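In what follows, chains are A, B, ... by sequence order, proteins preceding strands, each numbered from 1. Computed from a predicted structure; not experimentally measured.
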2 protein chains.
Amino acid sequence: MARNTGQKDAVRRVMKAAKRPLNPQEVLERALADIPGMGIATVYRHLKSLNETGWLVCVDLPGEGTRFELASIAHHHHFKCDTCERVFDVPGCAQDVEGLAPDGFVVDRHEVLLFGVCPDCSTP
Amino acid sequence: MARNTGQKDAVRRVMKAAKRPLNPQEVLERALADIPGMGIATVYRHLKSLNETGWLVCVDLPGEGTRFELASIAHHHHFKCDTCERVFDVPGCAQDVEGLAPDGFVVDRHEVLLFGVCPDCSTP
DNA sequence: GTGGATGCAAACTCTTTGCACCTTG
DNA sequence: CAAGGTGCAAAGAGTTTGCATCCAC
């Protein structure tokens with residue numbers, strides 16, 4: 001996937017514009033505005049290659065497929081609303097998270113997921 | 001799933017004996033020792049109902065299917081070894097994790113995942 | 001005896017892959 | 001023009017469901 005094509009540009013544009021992690025289906029829906037007729041397989045192929053080059057990172061949440069977001073955004077975590085199912089970025093990081101591991105475990109990465117109700121859903 | 005059957009007992013026994021989160025396939029393999037001929041669908045059905053009653057909780061990790069473990073064990077988190085792929089329980093919890101959420105978000109649950117190398121894999 | 005539980009196989013969902021055709025460089 | 005990218009459809013993996021049969025109560 002080294003060649004520059006309209007499809008690849010569309011995926012990059014969609015991911016840059018996203019304010020939250022997107023799944024392949026959401027990426028396709030947004031990319032279709034630029035490239036009518038684009039196929040889901042092409043989305044998967046580009047997400048995979050952009051992830052392998054380190055431009056995108058995976059965001060996995062319980063009970064749903066993999067989402068992706070830009071690798072370049074600052075260290076942060078995620079909040080999933082139990083009501084509307086949307087996923088939000090949460091800036092910052094708890095202290096001492098990696099210190100939790102028992103002696104002998106070497107931690108080089110961590111992920112924090114919060115679950116609850118987002119502002120939109122808690123004030124009807 | 002309110003009736004007491006050998007299959008249900010087998011799933012409960014397997015889960016109680018497990019020292020780490022198990023996926024449905026692992027549960028079936030262990031249950032087959034007690035109930036030869038048991039089907040994977042029955043495992044899924046019992047895992048689902050035991051989860052709905054709150055006896056089991058889901059443990060989702062990036063890049064793999066859902067695992068389950070007893071809900072009764074103390075609040076803890078998980079460590080996945082990038083080398084041997086095993087998943088370990090990590091006792092305790094970081095301070096202020098739920099305080100990360102921006103104003104307006106109501107947090108009622110959280111999950112922390114650590115990734116790195118376990119003691120077995122770091123001392124060859 | 002009766003309704004819930006089970007095993008099997010088919011259905012479903014999500015993701016990947018094979019292939020003929022099209023596009024970029 | 002050649003190498004690589006694309007869309008479609010089929011193939012896979014994991015999970016759920018329909019149904020006839022079986023078993024706990």
Check this for me: does any side-chain nitrogen of one of [X] and [Y] sit under 4.0 Å from a carboxylate oxygen of the other?
X	Y	result
A/R86	A/D120	yes
B/R109	B/E98	no
B/D60	B/R67	no
B/R20	B/E26	yes

Whole angstroms only, please: what is the [atom1]-[atom2] distance between [X] and [N]?
X	N	atom1	atom2	value
B/R12	C/dA5	CZ	P	12 Å
A/M38	D/dC8	CE	P	12 Å
A/Q7	D/dG4	CD	C1'	12 Å
A/K8	C/dT24	NZ	C1'	12 Å
A/L28	C/dT15	CG	P	12 Å
A/N23	C/dC14	CG	P	9 Å
A/L50	D/dG5	CG	C1'	14 Å
A/D9	D/dG5	CG	P	13 Å

Would one find a side-chain N or O of A/H46 under 4.0 angstrom from OP1 or OP2 of D/dT6?
yes

Using a cut-off of 4.0 Å between protein heavy atoms and nucleotide atoms, how would you tag nucleotides 15-25 of chain D 5' to 3' with B, S and -?
SBBB----BBS

Minimum heavy-atom distance B/E111-B/L113, with the two atoms named
OE2-CD2, 3.6 Å

Exercise: identify the closest heavy-atom pair between B/C58 and B/T66
CB-CG2, 3.9 Å

Any chance you could lay out the ring pair (Phe, Tyr, Trp, His ring centres under 6.0 Å) test for A/H75 and A/H110, step after step, and finish with the verdict?
CA-CA 10 Å; A/H75 181 73; A/H110 70 270; 5.0 Å; yes

Let me test you: for the helix from C/dG1-D/dC25 to C/dG25-D/dC1, what is the angle between the axes at its two ends (five pairs each), rounded to 10 degrees?
30°

Could you list the residues that satisfy salt bridge (charged side-chain N to carboxylate O under 4.0 Å, His left out) with B/R30, not counting sequence neighbours?
none

Are B/H76 and B/V90 close enough, and set up right, to give a side-chain contact (heavy atoms from CB on, under 4.5 Å), and what steps lead you there?
CA-CA 6 Å; B/H76 66 284; B/V90 173; 5.8 Å; no

